[in-house]
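All remarks here apply to the structure that follows.
Remember, predicted model here, so these are calculated numbers, not experimental data. Note that ligands are numbered from 1 as they come in the structure, with each ligand's atoms numbered from 1 the same way.
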Amino acid sequence: MPVRNSAQGILADENIEKREEIVELLKKAYWMEIETVMSYISNSINPDGVRAQEIVESLQKDIQEELGHAQEFAQRIKELYGVVPGSLDFAAEQSYLQPPERQTDIVHVIKGVIEAETGAIEHYNRVIETCDSVDWVTQDMVITILHDEEGHRRLFEGYLREYEAEGLA
Ligand SMILES: [Fe+2]
Ligand SMILES: [Fe+2]
């Protein structure tokens with residue numbers, strides 16, 4: 001392979017360590033999105049009751065968006081000469097998005113979603129900072145994804161506010 005000089009940013013030979021660091025952060029982001037897809041599928045189907053409808057529909061819509069994020073992270077891992085990990089490397093972390101005891105417990109779901117989105121927001125802010133001045137493309141991609149997650153969290157904070165106003169949360 002020809003020498004990739006320093007004018008080539010994150011693809012430059014001299015930036016290999018930085019590139020590997022970013023690839024590891026992207027792998028974590030990829031798994032977070034995959035787990036969120038799993039959690040949102042179950043939480044968009046399990047809930048019972050009239051009040052659950054809005055939450056269920058909102059999560060159904062998010063599933064496709066989170067799946068798209070996972071694909072974007074995977075693509076970027078490859079572009080940075082990494083390998084998208086296989087399923088055996090997966091380790092679940094979202095204890096807060098497990099099915100509640102009662103399937104009418106919508107507040108449990110809303111709080112779990114807010115926690116998942118907050119985790120994504122924190123990790124993606126870190127990725128954006130790590131990319132600064134060296135990997136503009138990943139940074140730009142993750143900024144857009146971060147915007148989606150901020151929107152998701154705000155929406156669910158609004159749902160929680162309604163339950164709090166009624167003394168149900
Ligand atoms: Fe996402
Ligand atoms: Fe999200």
Side-chain angles (χ1 to χ4, degrees), residues 10 19-47 51-80 82-100 103 105-132 134-164 169:
I10 193 60
R19 205 157 62 229
E20 282 167 358
E21 182 189 354
I22 292 172
V23 164
E24 286 313 304
L25 293 172
L26 292 175
K27 284 182 188 172
K28 181 177 164 63
Y30 170 73
W31 287 130
M32 288 171 87
E33 296 289 349
I34 295 284
E35 186 171 15
T36 298
V37 167
M38 288 194 268
S39 294
Y40 286 7
I41 288 175
S42 58
N43 285 291
S44 69
I45 291 176
N46 284 332
R51 311 198 65 143
Q53 205 49 39
E54 186 76 24
I55 308 298
V56 161
E57 280 171 22
S58 185
L59 283 177
Q60 275 169 357
K61 199 177 123 275
D62 284 354
I63 291 165
Q64 304 307 323
E65 237 178 273
E66 310 295 12
L67 184 59
H69 293 163
Q71 288 174 302
E72 282 186 81
F73 282 122
Q75 187 64 47
R76 191 60 186 155
I77 288 168
K78 178 168 177 164
E79 286 166 358
L80 293 180
V83 175
V84 184
S87 57
L88 288 180
D89 283 347
F90 177 69
E93 287 179 359
Q94 294 179 349
S95 53
Y96 44 86
L97 268 173
Q98 303 308 300
Q103 301 315 313
D105 186 358
I106 303 305
V107 171
H108 170 89
V109 176
I110 296 171
K111 286 183 174 170
V113 170
I114 291 172
E115 192 160 346
E117 297 294 345
T118 301
I121 287 167
E122 285 170 359
H123 184 58
Y124 300 166
N125 269 294
R126 193 173 148 217
V127 180
I128 290 163
E129 277 170 31
T130 304
C131 291
D132 209 48
V134 59
D135 184 354
W136 306 110
V137 174
T138 301
Q139 189 179 58
D140 182 64
M141 181 189 92
V142 181
I143 287 171
T144 304
I145 294 173
L146 174 64
H147 190 186
D148 290 342
E149 315 300 12
E150 287 180 350
H152 295 160
R153 184 171 72 177
R154 180 61 187 87
L155 183 66
F156 277 78
E157 282 173 350
Y159 294 142
L160 187 61
R161 219 170 266 186
E162 189 178 303
Y163 280 84
E164 281 169 348

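A donor and an acceptor atom, one from each side chain of Gln71 and Gln75, are nowhere located under 3.5 Å apart. Looking only at atom types and distance, the side chain of Glu66 has a donor-acceptor partner in the side chain of His69 under 3.5 Å away.
Inspection of the environment of the Fe ion (ligand 1) yields the following protein N, O or S atoms under 2.8 Å: Glu33 OE1, Glu33 OE2, Glu66 OE1, His69 ND1, Glu149 OE2.
Atom CZ of residue Arg154 and atom CD of residue Glu117 lie 13.5 Å apart, to the nearest 0.5 angstrom.
Remark: Arg161 does not engage Glu164 in a salt bridge, criterion side-chain N to carboxylate O under 4.0 Å. Between Glu150 and Arg153, no side-chain nitrogen of the basic residue sits less than 4.0 Å from a carboxylate oxygen of the acidic one, so the salt-bridge criterion is not met.
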> Are Glu129 and Arg126 close enough, and set up right, to give a salt bridge (charged side-chain N to carboxylate O under 4.0 Å, His left out), and what steps lead you there?
Replying inline: CA-CA 5 Å; Glu129 277 170 31; Arg126 193 173 148 217; over 6 Å; no

